[in-house]
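Step one of this worksheet: look at the structure below.
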Amino acid sequence: MTLPFEPDALIEALTIVEPGAAARRDAIRVVRAPGRVNLIGEHTDYNDGLVLPAAIDREIRLAYLPTDDRRVELTRLDDGQRHGFDLDEPYRPTGTWIDYASATAAALAEAGLPVGGLRGVVTSNLPENAGLSSSAAIELAVAWALLGDASDGVDRLTLARICQRAENAFVGVQCGLMDQFSVSCAMAGVALLLDCRSLEWRPVALPANLVLVVCHTGSQRRLEASDYNGRRAQCEAAFAGLALLDPSIRSLRDVGPELLARGAATLDPVVARRAAHVVAENDRVRTVVAAFEAGDLAAVGEAFRAGHASLRDLFEVSSPELDALVEIAGITPGVVAARMTGAGFGGCTVNLVWPDAVDAFRTTVLDRYPAMTGLQPMVIPVAAADGVDRIA
Ligand code: GLA
């Protein structure tokens, strides 16, 4: 059975799930919110650093009927799971996907924005728990639905920060801004260079003739269950230690090689490795942006290789599965650059591939990866997509 995905089919599905919806068909709206892939700049966002994500043409879609009550009810079409919450009740976690929706509602209310009740159905072609920001996609889709027409009046960056706050204050993941920013602000065909300190950002053209390919390890992960918050705490410990040597620094963003070298001996060795990753990773973002702009694909490949090695050896968030995918990419002709993407602890790799090499890359991954890991991978060519939007 194929799930409804086009707006008309989703509206139809909503009228079946919510019997009252048929009579108010004209009031039904559909929003879409994409996932994202990060080209480079991992675990830099919460250190005031640089990131280079793009939204992808894999997305969550939400068809909803605004209601006059203060109740939100959402049904996920792939498994029929239905969850809901009252907008006037305090946030209460359930351990299910609805928490992203109720946390978003709580953060919007906290920001003083008007939210209204709704009934909705959700569908998706974005793999969940794959490090492609399906949670940020739910948050932004739900934010747009809860705000209704008022969403037009809220600036996209502001909305991204409110959704980040939903994760930080309510879900309990101390994430940076990258995922919510990507889902909210992305533009088709380009990556976005975001400075997480100034919040200035600009589009960066991707090499026009290369295909962006996401490879999913098939291993699931949820940030709540990972040591993501622990990594963030280690970065804060590194900053605190280095600030003793140089009180002028405001975050790891300000640490250069000299301070890092001087401070390393004073820090716990694990904490020192985390800092070394962040410092070099910010430089790699600058390198990749310059290399994209100069068409220097060899430099992109080298920065991706170094970035992956650093996440594996210094930040220690890669996995044998992610390493296997990067290793396979490394021996496949026509793969220009490959590395793990997102938080790590499982999830996906991002690859830049010549168009005529994509099929061979897929075949090689499907041939070799299961024997190396015992898991089934997914090879997903993607295009850089627009951010969250109302489509009906
Ligand atoms: C997750 C977080 C982001 C970012 C990345 C790692 O995706 O949500 O804020 O920290 O991990 O770069």
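Just so it is clear, the values below take in all heavy atoms, side chains as well, and ignore hydrogens, waters and symmetry mates. Ligands are counted one by one from 1 in listed order, and the atoms in each one are counted from 1 as well. Index from 1, following the sequence.
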If we only count N/O pairs under 3.5 Å, is Ser133 in contact with ligand 1?
-> no
Asp195 (side chain) donor-acceptor with Ser198 (main chain) under 3.5 angstrom | yes
For atom 1 (C) of ligand 1, which protein heavy atom lies nearest, and how many Å away is it?
-> Asp179 OD2, 3.6 Å
Contact (N/O only, under 3.5 Å) between Gly176 and ligand 1 = yes
Give a yes/no verdict on a cation-pi contact between Arg273 and Phe315, requiring under 6.0 Å between NZ or CZ and the six-membered ring centre and an angle within 45° of the axis.
-> no
Report yes or no: does a heavy atom of Gln174 sit under 4.0 Å from some atom of ligand 1?
-> no
Is any N or O atom of Tyr46, backbone or side chain, closer than 3.5 Å to an N or O atom of ligand 1?
-> no
Hey, does Glu42 come in under 3.5 Å of ligand 1, counting only N/O atoms on both sides?
-> yes
Between the main-chain N or O of Leu50 and the side-chain N or O of Asp45, is there a donor-acceptor pair closer than 3.5 Å?
-> no
Between the CZ atom in Arg161 and the CG atom in Leu199, the distance rounded to the nearest 0.5 Å is 5.0 Å
Enumerated ligand 1 atoms positioned under 4.0 Å from heavy atoms of Tyr228 = 1 (C), 2 (C), 3 (C), 4 (C), 9 (O), 10 (O), 11 (O)
May I have the list of side-chain donor-acceptor pairs in residues 357-367 shorter than 3.5 Å, sequence neighbours left out?
residue : atom : partner : partner atom : Å
Asp359  : OD1  : Arg362  : NH1          : 3.4
Thr363  : OG1  : Asp359  : O            : 2.8
Thr364  : OG1  : Ala360  : O            : 2.6

Could you tell me whether the side chains of Ser251 and Asn47 share a donor-acceptor contact shorter than 3.5 Å?
-> no
Closest to atom 11 (O) of ligand 1 among protein heavy atoms sits Ala343 CB, 3.3 Å
Give the atoms of ligand 1, by number and element, whose distance to some non-hydrogen atom of Cys175 is under 4.0 Å.
-> 2 (C), 8 (O), 9 (O)
Tyr100 and Phe170 aromatic centres sub-6.0 Å = no
With backbone taken as N, CA, C and O and side chain as the heavy atoms from C-beta onward, which portion of Arg36 lies under 4.0 Å from ligand 1: side chain, backbone, both, or neither?
-> side chain
Could you list which atoms of ligand 1 come closer than 4.0 Å to a heavy atom of Asp45?
-> 3 (C), 4 (C), 9 (O), 10 (O)
Is there a donor in the side chain of Asp323 and an acceptor in the side chain of His308, or the other way round, less than 3.5 Å apart?
-> yes
Just distances here: any N/O of Asn38 and N/O of ligand 1 closer than 3.5 Å?
-> no
Between Thr217 (side chain) and Leu322 (backbone), is there a donor-acceptor pair under 3.5 Å?
-> no
for atom 5 (C) of ligand 1, nearest protein heavy atom and its distance come out as Met178 CE, 3.7 Å
The closest protein heavy-atom partner of atom 6 (C) of ligand 1 is His43 N, 3.4 Å
